[in-house]
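Positions are given from 1 along the sequence.
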Amino acid sequence: ITHPIAVGREDGQLVVAFEAIEGTSLLRLMRYVDEQNERLGDGAAMHIGLALMGALTDAHGARMAGRTAPILHGQLGPHQVLISWDGQVKVIGFGLAPVLMGSAATTLPGWLQPYLAPEVRTGNPVTVRANVYSAAAMLWSLLSHQPLPPAEQRPERLRRLRPDLPPSVTFPLDRALEPSPERRISAKALEVGLSRAVSDADREELRWAME
């Protein structure tokens, strides 16, 4: 998770400065790979997914005064995932949910809509399970090598599209994309599944992809 280092005002606007990451966003990486008619390797994609779920697990498990106080992400999407040139993955924007969630889902850019959980698209507030859906949608697109379907359409189950991938990845990922938030698994459950399939070589694969 990237941490804010300064908060202030500039020309009447609230400004939050985060630690610098030398690299690019997952959104730009995905668009570049698509423009080059290439694919991000499965290992690199799963490394990104593992880091993303780890960030959610830490944020959702945050405690304050001895009690659980989840930190939500108000606009989780590939533009908020930063990848350094050496393959480090961080998520920006945690803790800004009260500000970011002030924008209705209908005012967000069209490309971001499919990453929103179904209940958020209909006006319900962002929850920890909505964050899990958004993160899983990113990983689904990376591993399926397909763009997300329109917002109103559920992504096809990954275990059918990619039966060659480990079940420890495909089964929990499909559960994370359940339309009903009550049926979705936690970020921790998907993190555990990914950890069984990811190795140090996968970060190296991502580093080469960034190069």
Where [X] and [Y] come nearest, the two heavy atoms and their spacing:
X    : Y    : value
L40  : A209 : CD1-CB, 3.6 Å
L116 : R121 : O-NH2, 2.6 Å
H60  : V128 : CE1-O, 3.3 Å
V120 : P125 : CG2-O, 4.1 Å
V89  : A51  : CB-CB, 3.6 Å
S195 : L50  : N-CD1, 3.9 Å

Rounded to the nearest 0.5 Å, how far apart are [atom1] of [X] and [atom2] of [Y]?
X    : Y    : atom1 : atom2 : value
L173 : L177 : CG    : CG    : 5.0 Å
R129 : L72  : CZ    : CG    : 12.5 Å
L76  : Y133 : CG    : OH    : 12.5 Å
S84  : M210 : OG    : CE    : 6.5 Å
N131 : I71  : CG    : CD1   : 11.0 Å
I83  : H47  : CD1   : NE2   : 8.5 Å

Output every pair passing salt bridge (Lys or Arg N to Asp or Glu O under 4.0 Å) with a member in residues 143-155, not counting sequence neighbours, ordered by first then second residue. R154-E178
Any salt bridge (Lys or Arg N to Asp or Glu O under 4.0 Å) pairs touching residues 42-56, not counting sequence neighbours? D42-R162
Do other residues, nucleotides or ligands put more than 12 heavy atoms under 6.0 Å from [X] [atom1]?
X    : atom1 : value
Q13  : CD    : no
E22  : CD    : no
W111 : CH2   : yes
D200 : CG    : no
R183 : CZ    : no

Would a hydrophobic clustering, with Ile, Leu, Val, Met, Phe, Trp and Tyr connected at side-chain separations under 4.5 Å, put [X] with [Y]?
X    : Y    : answer
W85  : L27  : yes
V192 : L194 : no
M46  : V132 : no

Can any side-chain N or O of [X] pair as donor or acceptor with the backbone N or O of [Y] at less than 3.5 Å?
X    : Y    : value
N124 : E119 : yes
S168 : G193 : yes
R157 : R160 : no

Are [X] and [Y] side-chain neighbours, meaning at least one heavy-atom pair lies under 4.5 Å?
X    : Y    : value
L112 : H79  : yes
F171 : R159 : yes
L52  : V91  : yes
R175 : R184 : no

State which residues pass salt bridge (charged side-chain N to carboxylate O under 4.0 Å, His left out) with [X]; sequence neighbours excluded, sorted by chain then number.
X    : result
D86  : R203
R28  : none
E205 : none

Could you walk me through whether D34 and R31 pass the side-chain contact (heavy atoms from CB on, under 4.5 Å) check? CA-CA 5 Å; D34 185 59; R31 287 179 172 174; 5.6 Å; no
Considering only distance and modelled atom types, tabulate donor-acceptor pairs under 3.5 Å from the side chains of residues 134-144, sequence neighbours left out.
from : atom 1 : to   : atom 2 : distance (Å)
S134 : OG     : Y115 : O      : 2.7
S134 : OG     : A130 : O      : 3.3
W140 : NE1    : E156 : O      : 2.8
S141 : OG     : Q146 : O      : 2.8
S144 : OG     : W140 : O      : 2.8
S144 : OG     : Q146 : N      : 3.2

